[in-house]
Amino acid sequence: QVQLVESGGGLVQAGGSLRLSCAASGNIFNINRMGWYRQAPGKQRALVATITSGGSTNYADSVKGRFTISRDNAKKTVYLQMNSLKPEDTAVYYCNADLLRYGSLYSQGHWGQGTQVTVYS
């Protein structure tokens, strides 16, 4: 019914940049908050950045000044521009979106499959 598909992950040298994309599709009436989370080996999944439908953003302290989240409502897509990447940014990055489906009175969180980001020095 609904799907989130991430793209843009890969292998990058420290100091480099990547841009992740996540496109939503399916039985969607409205998309509220969208965001990015990451999970490194042996660690819990953690919030990276979120953005509301109105454009308000929130970032983890570890990525402030380096990462920028944005969205294109017409394309139902959220982006994460990652600059000045560090080895500690290495993780699987997951897209999350609060989706209001047709016929539903409440939004539910949905997850993408994740995309690997590996930063080497």
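We count residues from 1, following the sequence as given.
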- prompt: Side chain of Asp98, backbone of Asn32: donor and acceptor closer than 3.5 Å?
  reply: no
task: Please report the shortest heavy-atom distance between Leu4 and Ala24, naming the atom on each side.
output: CD2-CB, 3.4 Å
Closest contact, heavy atoms only, Leu105 versus Leu100: C-CD1, 4.0 Å
task: Report the distance from atom CG of Leu47 to atom OG of Ser62, rounding to the nearest 0.5 Å.
output: 9.5 Å
For the student: nearest non-hydrogen atoms of Val117 and Met82, plus distance: CG2-CE, 3.9 Å
- request: Go through Asp89 and Phe67 one step at a time and tell me if the side chain to side chain contact (heavy atoms under 4.5 Å, CB included) criterion holds.
  value: CA-CA 11 Å; Asp89 295 319; Phe67 292 10; 3.9 Å; yes
- request: For the pair Thr115 and Ser7, evaluate side chain to side chain contact (heavy atoms under 4.5 Å, CB included) and give the outcome as yes or no after the intermediate values.
  value: CA-CA 6 Å; Thr115 185; Ser7 62; over 6 Å; no
Leu99 CG to Ser107 OG distance, which is reported to the nearest 0.5 Å: 7.5 Å
field: Criterion side chain to side chain contact (heavy atoms under 4.5 Å, CB included) on Val48 and Leu80, from CA distance to verdict
entry: CA-CA 9 Å; Val48 177; Leu80 185 68; 4.2 Å; yes
query: Which residues satisfy the side-chain contact (heavy atoms from CB on, under 4.5 Å) test with Val92, sequence neighbours excluded?
result: Tyr94, Gln116
task: Verify side chain to side chain contact (heavy atoms under 4.5 Å, CB included) between Lys86 and Arg66, making sure each step is shown before the conclusion.
output: CA-CA 10 Å; Lys86 305 174 181 179; Arg66 300 188 298 121; 3.9 Å; yes
- prompt: Quick check: does any side chain N or O of Glu6 sit under 3.5 Å from a backbone N or O of Cys95, one acting as donor and the other as acceptor?
  reply: yes
field: Donor on one side chain, acceptor on other, Thr77 and Asp72, under 3.5 Å
entry: no
Contacts of Ser17 that satisfy side-chain contact (heavy atoms from CB on, under 4.5 Å) - sequence neighbours left out: Gln81, Asn83
- prompt: What heavy-atom pair brings Leu18 and Gly8 nearest, and what distance separates the two atoms?
  reply: CD2-O, 3.8 Å
statement: The residue among Tyr93, Tyr79, Trp36 that forms side-chain contact (heavy atoms from CB on, under 4.5 Å) with Cys22 is Trp36
query: Of the non-hydrogen atoms in Tyr59 and Lys64, which two are nearest, and what is the gap between them?
result: O-CE, 3.3 Å
message: For Gln44, I'd like to know if atom CD has over 12 heavy atoms of other residues, nucleotides or ligands within 6.0 Å.
response: no
task: Kindly work out whether a path of hydrophobic side-chain contacts (I/L/V/M/F/W/Y, heavy atoms less than 4.5 Å apart) joins Val5 to Ile28.
output: no
task: Check Thr90 against Val119 and note the closest heavy-atom contact, atom names and distance.
output: OG1-N, 2.9 Å
field: Leu11: side-chain contact (heavy atoms from CB on, under 4.5 Å) partners, not counting sequence neighbours
entry: Thr118, Tyr120
- line: Which of Met34, Arg33, Lys76 passes side-chain contact (heavy atoms from CB on, under 4.5 Å) with Arg71? Answer is Met34
Ile31 with Tyr37, same ILVMFWY side-chain cluster at under 4.5 Å: no
query: Given side chains that start at C-beta, do those of Thr50 and Thr57 come closer than 4.5 Å, heavy atoms only?
result: no
query: When you look at CD of Gln113, are more than 12 heavy atoms from neighbouring residues, nucleotides or ligands closer to it than 6.0 Å?
result: no
